[in-house]
Amino acid sequence: MRRSVLVSLFILGFSTGFARANEPLLLSDPKTSDSSDRALVLMHGLLGSPAQSFGKWPQIIAADHTLLPGHGVLSDFAVYAVDYEADFTSRGTLEDTAKGVADDLAASPIFRRHRHVWFVAHSMGGLVLKRTLALWKLQGRTVLLDRILGVGMLGVPSAGAPLADLAARGRAGEVAQLFGWNGALLNDLTTDSGQRYLDALENDWIAVRGTRDNGAVRRFTPIVACGYETKPESRILEIAFGAQYGIVVPKLFATSACDDKRGFSVSHTQLPKPDDSRASVHGWLRALITTSATAALQEQRDGITTAPDVPSYLSGRVAFSNQDLDPANLDRATGLPREPERIEFADDRSRELAEKLILRSGPFTGSTKSDLYEAIAKKNTCLNLAISSNRLVITLGIRGEPVACRGGRDLVCSNQSCD
């Protein structure tokens with residue numbers, strides 16, 4: 001019987017903490033790390049494996065060619081898994097683990113290579129993720145938070161879990177001693193004394209979401225979706241100790257601040273392991289990505305005005321935009337540019353014409369600089385845009401012969417007027 005308790009506790013990840021994390025493991029085609037503007041980061045439970053905990057899901061994503069809002073398909077995603085398995089210790093706490101993950105994930109190439117990021121966390125990995133994002137907020141790493149469009153939580157014990165209570169009450173007493181658990185971690189995960197830590201964590205998580213809803217600039221992302229299992233993991237525990245111990249993280253204990261909640265007819269360990277693209281949990285992920293990508297397109301993070309009485313030439317706008325990439329202007333908390341896109345001209349002729357070219361038919365807005373310049377080019381048809389696959393480089397060409405205005409001092413595209 002005690003062996004069954006031990007196995008189920010291991011499933012949940014009620015084990016020792018990790019003080020540090022390794023660089024995230026790339027699970028998709030290596031080309032996606034440089035070619036994709038979108039990344040999905042998976043976070044396993046504390047005893048999980050970055051290569052095994054999510055089963056065939058990375059391969060299922062790679063074969064899913066569902067069109068996404070704005071541009072691209074789901075199979076374009078770069079898929080990573082956070083690896084905090086290698087630095088296994090027996091004395092870390094959940095807080096130690098989260099701090100290690102927060103620092104190492106922030107320093108990883110993910111936010112340098114990809115414009116938009118989604119997270120999906122399973123089990124205790126969701127608690128680590130919540131604390132990681134809360135730490136980023138406290139540390140002023142808002143550049144990282146601003147690039148997150150969606151967060152998925154699967155079987156996350158936000159209110160603790162009955163199995164932790166079972167161990168804490170001593171009904172699996174020697175298990176903790178055998179595997180070197182420290183009492184602080186175990187207590188953090190119980191539904192009574194641990195509730196103090198988990199309540200504080202949930203309040204921090206609500207504050208992170210509040211940045212979206214109550215910030216100076218209205219945002220619609222990140223969208224947060226939560227899922228929980230409805231099938232028991234162990235009939236033995238259910239029969240021996242009661243129904244509340246059969247399901248590892250029941251719906252009641254998975255309650256959190258989410259935009260969407262739903263149950264899945266699978267056990268806890270199978271939640272992040274869909275069999276194929278028809279599995280409900282994969283449809284849930286697809287919906288999360290599609291919904292949040294749509295919401296992001298509706299955010300007006302970048303803008304350009306085109307007041308006719310104050311001529312502003314295209315070359316000046318490009319130079320001003322590229323100032324974000326100047327080392328002196330990088331975000332001090334992360335070393336990243338607040339807006340990572342670089343704008344360049346296709347050739348010398350385009351660069352020379354841009355010195356006199358004035359944009360018309362604005363104002364223009366977009367969720368990113370790429371989206372912004374796509375909107376500009378639709379109304380100023382002499383602009384020819386080429387955007388890199390990772391959408392971090394925008395190349396501007398000026399085609400045809402723009403119309404001369406004000407005695408040749410200014411130019412506008414031929415579909416626009418000088419007035």
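The basis for the numbers below is simple: all heavy atoms, side chains too, and nothing from hydrogens, waters or symmetry mates.
With sequence neighbours left out, the side chain to side chain contact (heavy atoms under 4.5 Å, CB included) criterion links Arg351 to Phe345, Asp348. The side chain to side chain contact (heavy atoms under 4.5 Å, CB included) check on Gln59 picks up Lys56, with sequence neighbours excluded. Residues forming a side chain to side chain contact (heavy atoms under 4.5 Å, CB included) with Ser33 (at least two apart in sequence, or on another chain): Leu26, Tyr80, Arg113. Listed by chain and number, the residues in a side chain to side chain contact (heavy atoms under 4.5 Å, CB included) with Arg338 are Thr142, Val143, Asp331 (sequence neighbours excluded).
Annotation: ring pair (Phe, Tyr, Trp, His ring centres under 6.0 Å) contacts involving residues 128-155, sequence neighbours excluded, comprise Phe111-Trp136. For the salt bridge (charged side-chain N to carboxylate O under 4.0 Å, His left out) condition, the pairs that include at least one residue of residues 382-393, sequence neighbours left out, are Asp371-Arg391, Glu374-Arg391.
Side-chain atoms of Asp29 and Thr32 form no donor-acceptor pair, as typed in the model, at a separation below 3.5 Å. Lys31 and Ser36 share no donor-acceptor pair across their side chains, judged by distance under 3.5 Å alone. With 3.5 Å as the limit, one finds a donor-acceptor pair spanning the side chains of Ser256 and Glu202. With 3.5 Å as the limit, one finds a donor-acceptor pair spanning the side chains of Ser123 and His268. For the residue pair Thr381 / Asn415, a side-chain donor-acceptor distance below 3.5 Å is found, with atom types taken as modelled. Side chains of Asp64 and His282: a donor on one and an acceptor on the other come within 3.5 Å. Using modelled atom types and a 3.5 Å distance limit, the side chains of Ser367 and Gln298 yield no donor-acceptor pair.
Remark: of the listed residues Lys137, Arg209, Arg131, Lys130, Arg131 is the sole one forming a salt bridge (Lys or Arg N to Asp or Glu O under 4.0 Å) with Asp204. With Pro50 as the fixed residue, the side chain to side chain contact (heavy atoms under 4.5 Å, CB included) test singles out one of Leu27, Leu25, Leu42: Leu25.
A 6.0 Å sphere centred on NZ of Lys261 holds more than 12 heavy atoms belonging to other residues, nucleotides or ligands.
Of the charged side-chain nitrogens involved, none lies within less than 4.0 Å of a carboxylate oxygen, so that Lys231 and Glu229 do not count as a salt-bridged pair. Remark: Arg409 does not engage Glu355 in a salt bridge, criterion side-chain N to carboxylate O under 4.0 Å.
Smallest separation of non-hydrogen atoms from Leu359 and Leu314: CD1-CD1, 4.2 Å.
Under the 3.5 Å distance criterion, the side-chain polar atoms of Gln416 are matched with a main-chain donor or acceptor of Lys379. Under the 3.5 Å distance criterion, the side-chain polar atoms of Thr230 are matched with a main-chain donor or acceptor of Phe264.
Here the CH2-CZ distance, from Trp118 to Phe77, works out to 4.0 Å after rounding to the nearest 0.5 Å.
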Run the salt bridge (Lys or Arg N to Asp or Glu O under 4.0 Å) check on Asp213 and Arg219 step by step: do they pass?
CA-CA 6 Å; Asp213 299 330; Arg219 298 283 173 83; over 6 Å; no

